[in-house]
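Down below is the structure, laid out as structure tokens.
Below, all heavy atoms of this structure are taken into account, side chains as well, without hydrogens, waters or symmetry copies. What you see is a predicted model, and the numbers here were worked out from it, not measured in a lab. Here is the naming used below: chain letters follow the sequence lines, and residue numbers restart at 1 for every chain.
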Amino acid sequence: MRWSKTYIPTMRDNPSEAELVSHKFLLRAGYMRRLAAGVYNYLPLMQRVINKVSNIVREEMDSAGAVEILMPFVQPADLWRKSGRWNDYGKELARLKDRHDREMVLGPTHEEIITDLVSGELKSYKQMPLNMYQIQTKFRDEIRPRFGLMRGREFIMKDAYSFDINEEAHQGAYDKMVAAYHRIFDRCGLSAKQVDSDSGAMGGSGSHEFMVMVDTDGGECTIVSCDKCDYAANVEKAVFRELNPPVQDKEIKETEEVDTPNAGTIEEISEFLKMPPNRFAKTLLFNAEFKGKKKNVVKPVAAMIRGDRQINEIKFKNYLGCLELEMAGPETVEKLTGAPVGFAGPIGLGCAIVVDPEVENMTNFVVGANKADKHIINVNLNRDFKTTGVVDLKNAPVGEGCPECDGLLTASRGIEVGNTFMLGTKYSKSMGGKFLDRNGKEQLYIMGSYGIGVTRTAQAAIEKFHDDKGILWPKSLAPYQITIITMNAGKEPQQEAGEKIYNELTEAGFEVLYDDRMERAGIKLNDADLVGIPLRITIGDKSLAEGKIELKLRNESDLVRVDLSEIIEKSTEFLERAI
RNA sequence: CGGGGUGUGGCGCAGUCUGGUUAGCGUGCUUGCUUUGGGAGCAAGAUGUCGGAGGUUCGAAUCCUCUCACCCCGACCA
């Protein structure tokens, strides 16, 4: 492709709408333009990248035994009522009416449609296993679209659905998809990490997410992984092995108030009482603002976690369902406990007390006495105080042991580019998907659903591979493999050489972007860096006089002069080396 | 939806508080000349319903009311 014949509107400045590097580069390098919040035009370069991702997905899905179909984007509301998701999906489901006032939805996912599709004709065990997929535009009316293609409202997704006769067969189908996913992301140059996840609203028995690990702000998900084995899980789902579990006393002892002069922090009391922090339960006081009928009300609430844990305020806030949550100031603490900060405890506390599950399992632990310089030992939940709820309130168990080996858990950030769900019979039940088994007995088929965010994967690649000048596409996703630049566009020998090399490489099967613009060298070089094509060929007077041109990989700094006659071999060689 | 913010040539912004000629600047765009290996110089140009509607006023980008859009923080998700 000649630059002058396509449409690559690069920009010098960062548009103010973008926050994330990958988002900025997508706009600056002329890959996309925004139409509305979370809705984008894909320009020629982007369309090529989307095709690259799609083709990799397609090849791997096909070879994993899935077959491609295409289902409608606009769907009748009836099917969604039937599955119950007309109500459950909430406002994210975009609804509209046709001219006859019939209710429709813009497809955010296709479990309903595909189950309905097969329900009349997938009637025998002989027809399974079956796996069908599509690559299609989806629409989810996100509360807050963000970060360009990362969380768009309209986006391209590959969604696959498997049908099996029983759990065992389904597990096989699921494993096949997981393997295909690893191959897909590997081929995209991304090596996604597979993590255990919460099945959430999709329902079903198990699920995994595939994360591209990044250390930029683009990593919206926190995942916990083992430093030795490949255990990894979403923070919400992560389990761990306690390295130093608290001692469990055999007998339940009587409470006792003890003096702890000048010991307000866990470390100080721990030191003073000669007991490890995990025998303490911290009582943390918060002010929570709830929505009231007329005006909002602020109520104090207490959270209890083990002495060696950190509170996760977001988890607490979610549990409470309040509008605002903040640590109570000294005045509130004194008013509530009658003691200065550092001695709050649950016994006799006049507000709701929410405890972490770990606290529920402790015996004879230490809490604040609600009196200055005093703590109470041998406290036991239910006997000495009551809780209003038990819920996980602590931060990710970083530093704890891996549940599957003797490694340690660490936290890192990732971009979710794909997921796999075991759906069980949720949709076959609600949508009426039955078949006859070998014994002529009616059964519900076991389903799985498998998604890959195609457009998000593309942006995730940029988030992972870029420098301060622009994108560094992995060669498998790059819109073109090679870009050719004439340093002095006006000079005929260079133009001729450019044309010749462009034709030669194109005929040899390379995808080439020939920058034939009448621009100065600096502009073209900068644009080439910005756009991120893996291999750059530059044609300049000096080299050309010796019958040479220059090759440079985007991710390397070396410039290599190569004889005109060996362009094809050298280009092949360079591209082998590219990421 | 709650909180915060922004709308002014394609892009990035100033001007708004304190109303007052033809609404500026940088960049980009067009044309010409000179340049030409990492975003050239000079000259001449084109491009604005100042997000929209209504109002106040002799006069509104600027003040008031309503409204729309977009961005950021939170909950949700490929």
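Between B:rU35 and B:rC17, the distance separating the two C1' atoms is 47 Å to the nearest Å. Of the P atoms belonging to B:rG12 and B:rC71, the separation is 13 Å, rounded to the nearest Å. When the P atom is compared between B:rU8 and B:rC50, the two are found 11 Å apart, to the nearest whole Å. B:rG28 sits 45 Å from B:rC77 when the P atoms are compared, rounded to a whole Å. A distance of about 12 Å separates the P atoms of B:rU62 and B:rU16, rounded to the whole Å. Atom name P, nucleotides B:rA43 and B:rG38: the rounded distance is 25 Å, in whole Å. Comparing the P positions of B:rU36 and B:rU21 gives an interatomic distance of 47 Å, to the nearest angstrom. B:rA60 sits 15 Å from B:rG51 when the P atoms are compared, rounded to a whole Å.
Using modelled atom types, one finds a donor on one side chain and an acceptor on the other under 3.5 Å when comparing A:Asp62 with A:Tyr133. Side-chain contact, A:Asn419 with A:Glu209: no donor N or O sits under 3.5 Å from an acceptor N or O.
For A:Glu519, taking side-chain heavy atoms from C-beta onward, the closest of the listed nucleotides B:rC77, B:rC29, B:rG74 is B:rC29.
Both A:Gly418 and A:Ala18 sit near RNA chain B, but only A:Ala18 has its closest nucleotide nearer the 5' end. When each of A:Thr538 and A:Gly451 is assigned the nucleotide of RNA chain B bearing its nearest heavy atom, the one mapping closer to the 5' terminus is A:Thr538.
Comment: A:Glu220 does not engage A:Arg413 in a salt bridge, judged by the lack of any side-chain N to carboxylate O separation of less than 4.0 angstrom. Using a 4.0 Å cut-off between charged nitrogen and carboxylate oxygen, A:Asp516 and A:Lys5 do not count as a salt-bridge pair.
Applying the 3.5 Å distance criterion, the base of B:rC77 shares a donor-acceptor pair with the side chain of A:Arg151. Residue A:Arg153 places no side-chain atom within donor-acceptor reach of the base of B:rC77, judged by atom type and a 3.5 Å distance cut-off alone. For A:Arg536 and B:rG38, a side-chain-to-base donor-acceptor distance below 3.5 Å is present, hydrogens and geometry of angles not being considered.
For the ring pair (Phe, Tyr, Trp, His ring centres under 6.0 Å) test with A:Tyr31, the passing option among A:Tyr7, A:Trp473, A:Tyr42 is A:Trp473; the others fail.
Rounded to whole Å, the distance from NE2 on A:His23 to P on B:rC70 is 13 Å. If you measure from atom CZ of A:Phe147 to atom P of B:rC76, you get 15 Å, rounded to the nearest angstrom. Distance, A:Ile539 CD1 to B:rG37 C1': 13 Å, rounded to whole Å.
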Could you pull out all donor-acceptor pairs under 3.5 Å where a side-chain atom in residues 152-162 of chain A meets a protein atom, sequence neighbours excluded?
residue, atom, partner, partner atom, Å
A:Arg153, NE, A:Ala37, O, 2.9
A:Arg153, NH1, A:Asp141, OD1, 3.0
A:Arg153, NH2, A:Ala37, O, 3.0
A:Lys158, NZ, A:Tyr181, OH, 2.8
A:Lys158, NZ, A:Tyr450, O, 3.1
A:Asp159, OD1, A:Gln134, NE2, 3.4
A:Asp159, OD1, A:Lys138, NZ, 3.1
A:Asp159, OD2, A:Gln134, NE2, 3.1
A:Asp159, OD2, A:Lys138, NZ, 3.3
A:Asp159, OD2, A:Tyr161, OH, 2.6
A:Tyr161, OH, A:His110, N, 2.9
A:Ser162, OG, A:Gly448, N, 3.3
A:Ser162, OG, A:Tyr450, OH, 2.7

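Nucleotide B:rC70 has B:rG5 as its partner under the Watson-Crick or G-U criteria, with both atom distances under 3.5 Å.
A:Ala36 comes within contact range of the sugar-phosphate backbone alone, with a heavy-atom separation under 4.0 Å but no base atom that close.
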Protein heavy-atom contacts under 4.0 Å, written 5' to 3' over nucleotides 7-16 of chain B as B (base), S (sugar-phosphate only) or - (none), form the string ----BSS---
